[in-house]
There are 2 protein chains.
Amino acid sequence: MDQIARTTKDLGQTLRAARKAKGITQAELAARAGVWQRTVSNIETGASGAKVDTIFDLLAALDLELRIVPRSKMTQRDLEDIF
Amino acid sequence: MDQIARTTKDLGQTLRAARKAKGITQAELAARAGVWQRTVSNIETGASGAKVDTIFDLLAALDLELRIVPRSKMTQRDLEDIF
DNA sequence: GGGGAAGATGATCGGAGGATCATATTGAAT
DNA sequence: ATTCAATATGATCCTCCGATCATCTTCCCC
């Protein structure tokens, strides 16, 4: 199931899910990415319009990458909302 | 052909390609996204570690979205470099 | 080669994020 | 319920982006 992000909030949720899937803590992810636990928390909570570089650092530490794709007409969530 | 981004430079190049594919100028994209031509130029050139919110604004204006996926072992470019 | 549109870039300013200290609060495990 | 780890958050400082003015350079077209 692909994770789609159109907002910082989406991105934060996705990052959190990915981190938990790997079974590591915010502090550990922060250490790997070279940022602060505070920053990871902020981003996961969607509180901040973070900097792109920071996001890429986190993605790399999680072995993730971005694919830029055309917007799908229907997202998984749309479907879930309907049915 | 999917566009993969692991760095701000990748992202800038992808955004520029997408914009040109739509045949619009930086100024027009900027207007649609509610930012400045200066900002679009900065991001496309990869000069700035832009803010995530700005990126999402541009993506929306280009009808694009992000998919967060596991890193592929081999990227398209890797293959091109080999063959 | 001349001309005009498109993109790059200089400078200043204000706002907001990340670094960095800290503590509070939540959540899970026993 | 107690406890300890994990996460959220307060406060300050500094840096850097985006906003906003501008001009300069590039490039394409005739």
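Within the structure, every side-chain polar atom (N or O) of A:Arg38 is placed at least 4.0 Å from both OP1 and OP2 of C:dT23. Contact between the side-chain N/O atoms of A:Thr25 and the OP1/OP2 oxygens of D:dA6 is not found at any separation under 4.0 Å. Within the structure, a side-chain polar atom (N or O) of B:Gln26 is placed less than 4.0 Å from OP1 or OP2 of C:dA8. Side-chain N/O atoms of B:Arg16 include one lying less than 4.0 angstrom from OP1 or OP2 on C:dA8. Within the 4.0 Å cut-off from OP1 or OP2 of D:dG18, at least one side-chain nitrogen or oxygen of B:Thr54 is found.
Taking every side-chain heavy atom of A:Ala50 into account, C:dG18 is the closest of C:dA8, C:dG18, D:dA8. Taking only side-chain atoms of A:Thr39, from C-beta outward, the nucleotide of D:dC17, C:dA19, D:dT7 with the closest atom is C:dA19. Closest to the side chain of A:Trp36, out of C:dG7, C:dA8, C:dA19, is C:dA19. Distance from the side chain of B:Val35 is smallest for D:dA19 among the nucleotides D:dA19, C:dA8, D:dT7.
Between the P atom of D:dG18 and the CZ atom of B:Phe56 lies a distance of 14 Å, rounded to the nearest Å. The nearest whole Å value for the distance from the CG atom in A:Asn42 to the P atom in D:dA6 is 19 Å. Per the geometry, CG belonging to A:Leu15 stands 16 Å off C1' belonging to D:dT7, to the nearest Å. Atom C1' of nucleotide C:dT23 and atom CD of A:Gln37 are separated by 12 Å, given to the nearest angstrom. B:Lys20 has its NZ atom 9 Å from the C1' atom of C:dA6, to the nearest Å. Atom CD1 in B:Ile43 sits about 13 Å away from atom C1' in D:dA19, given to the nearest Å. Between A:Leu29 atom CG and D:dA8 atom C1' the separation is 16 Å, expressed in whole Å.
Between the A:Thr14 side chain and the A:Asp10 main chain, a donor and an acceptor come within less than 3.5 Å of each other.
With salt bridges taken as basic N to acidic carboxylate O contacts below 4.0 Å, none links A:Glu28 and A:Arg19.
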